[in-house]
Amino acid sequence: MTMLIANALAAGAAEAAEAAPKMDPLHHFQVIKVIPISLFGIDVSISNSVIWIWIALGIALGLLRYGLRAPQLVPGRMQSMAEASLLFVRGIINDTIGKEGQKFFPLIFSLFLFVLFCNVTGLIPGSFTPTSQLVVTGTFAVGVFIFSTGLGFYKHGTHYFKFFVPGGLPVLLLPLMVPIEIISYLARPVSLSVRLFANMTAGHTVLGVLFFFTATLPWFGAWLPFGFSVVFTAVEGFIGFIQAYIFTILTCVYINDALHMH
Amino acid sequence: MIAIAHAAEGAAAGHASSSGLPQFDVLNFSSQIFWTIVSFAVLLYLLTRFVIPAINAILDARGKSIEDDLSQAKKAREEAEKILANYHKELGAARQEAGKILEQARLEASRLREQVKSELEQESAKKKSAALEEIELAKQRVIEEIKGLAVDLAIDATHKLIGKAVTKTDANKMVEQVMTQLKDDQQRAH
């Protein structure tokens with residue numbers, strides 16, 4: 001008897017779940033393969049994530065190209081924006097690394113634009129946010145880690161290992177400090193990638209939940225999550241910029257550490 | 001009870017397959033890593049090749065233009081200052097010149113006045129001396145006349161008194177003597 005009731009209850013619950021709109025704010029992080037490609041047995045399919053990377057970079061390059069279609073000494077609005085983006089990154093490099101950091105300018109500028117435009121285009125309804133993919137941010141973080149570490153060894157040779165030995169410490173503390181330094185150094189790519197990925201994921205998840213409530217609540221309740229979603233979209237735009245800025249500035253800091261070893 | 005447990009288990013299994021962060025789905029990793037690297041490389045190439053040089057060129061051009069404008073403005077200012085200094089110098093020279101001319105005019109005027117004055121003085125002095133001469137001459141003549149008359153009178157008088165004619169020369173001498181006497185008296189009286 002109890003079994004029957006339980007079965008019926010379970011069936012009823014399942015039915016209800018089927019009928020009601022299902023809340024799945026993580027749905028839009030789903031990577032969907034559009035064109036499956038396999039290269040030497042490795043999957044390099046073009047997915048929605050990859051397509052939105054291209055769209056974001058296309059918009060970035062398109063805007064820059066449009067701003068620079070006929071450069072004037074007295075710039076127009078778009079030209080000013082293009083120049084401002086370059087000067088912004090140049091300023092970050094000058095502030096964190098100094099003049100000799102300018103030889104890494106193209107790299108850092110590309111990184112900034114990539115992250116910024118992936119973050120911001122992700123706010124277009126129905127789009128996909130490539131920077132909400134841990135593997136995308138991880139690729140950059142590992143790339144930056146390898147680049148800065150390589151730079152450190154290239155610049156200082158084996159002397160770069162002294163980076164893990166903080167100066168001015170009693171020798172007794174060294175067995176404690178050196179592992180901490182090594183761990184914090186190795187944690188850099190993790191924190192760098194997870195920060196960006198988590199920010200993007202969290203923001204978009206919150207937006208997804210708000211949109212779900214807006215769509216499912218009756219009209220007298222829907223305005224509240226709708227209003228929140230409007231405000232939060234603006235906040236997300238700001239966060240997208242801030243995270244791109246943080247990613248860039250931390251990259252600069254790591255390069256600076258490699259060049260100057262604090 | 002078991003059924004509920006079963007249902008819950010099934011639901012949990014379904015949940016796990018449908019949600020959970022899709023970002024941790026390892027199946028999608030290789031393609032995204034590959035395309036991220038490729039896309040980044042392409043972006044880096046396009047930026048380095050087209051965008052950065054274009055912006056740098058225009059920034060440099062603007063910097064150069066501003067620098068040129070600044071130096072030109074500086075030059076123009078220097079020139080203006082030079083012109084101003086020149087103008088001041090010329091003004092000073094003109095003022096000095098004017099002062100000199102004025103001074104000269106003043107000198108000329110005073111010189112002319114002096115000249116006219118001295119000429120007038122000379123003339124009047126000449127006229128005066130001429131008049132004095134004339135007066136002196138008249139006086140002399142009158143004196144001579146009086147003297148002649150006095151001599152004649154003296155001759156007449158002596159002739160009448162003593163019946164003896166006095167020669168003209170003696171009479172003259174006497175008159176002369178009297179006159180000097182008179183002159184002396186006059187001088188003493190003064």
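Each chain gets a letter, A, B and so on, in the order the sequences are listed, and its residues count up from 1. In what follows, every heavy atom counts, from backbone to side chain, and hydrogens, waters and symmetry copies are set aside. Just so it is clear, the model here is predicted, and its values are computed rather than measured.
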Option that, when pairs with chain A are counted at under 4.5 Å, heavy atom only, ranks first among B/S65, B/S39, B/A54: B/S39
Report the option among B/I33, B/V42, B/T48 that has the most heavy-atom pairs separated by less than 4.5 Å from atoms of chain A. B/I33
Does atom [atom1] of [X] have more than 12 heavy-atom neighbours, drawn from other residues, nucleotides or ligands, at distances under 6.0 Å?
X	atom1	value
B/E78	CD	yes
A/R69	CZ	yes
B/E134	CD	no
A/Y66	OH	no
A/M81	CE	no
B/E81	CD	yes
B/Q177	CD	no
B/E103	CD	yes

Reported [atom1]-to-[atom2] distance for the pair [X] and [Y], which is rounded to 0.5 angstrom:
X	Y	atom1	atom2	value
B/L59	A/R90	CG	CZ	6.0 Å
A/L111	B/L44	CG	CG	10.0 Å
B/F40	A/L57	CZ	CG	10.0 Å
B/L43	A/F109	CG	CZ	8.5 Å
A/L61	B/L46	CG	CG	5.5 Å
A/L68	B/F50	CG	CZ	12.5 Å

Pairwise side-chain contact, [X] with [Y], heavy-atom cut-off 4.5 Å (strictly under):
X	Y	result
B/I52	A/F105	yes
A/V50	B/T36	no
B/I58	A/P75	no
A/S49	B/W35	no

Minimum heavy-atom distance between A/S110 and B/L47, given as atom pair plus value: OG-CD1, 3.4 Å
Proximal component of A/L107, with respect to chain B [non-hydrogen, under 4.5 Å]: both
Evaluate the side-chain contact (heavy atoms from CB on, under 4.5 Å) criterion for residues B/Q32 and A/T139: first the C-alpha distance (whole Å), next the side-chain angles of each, then the deciding distance (0.1 Å), finally the verdict. CA-CA 9 Å; B/Q32 289 193 79; A/T139 305; over 6 Å; no
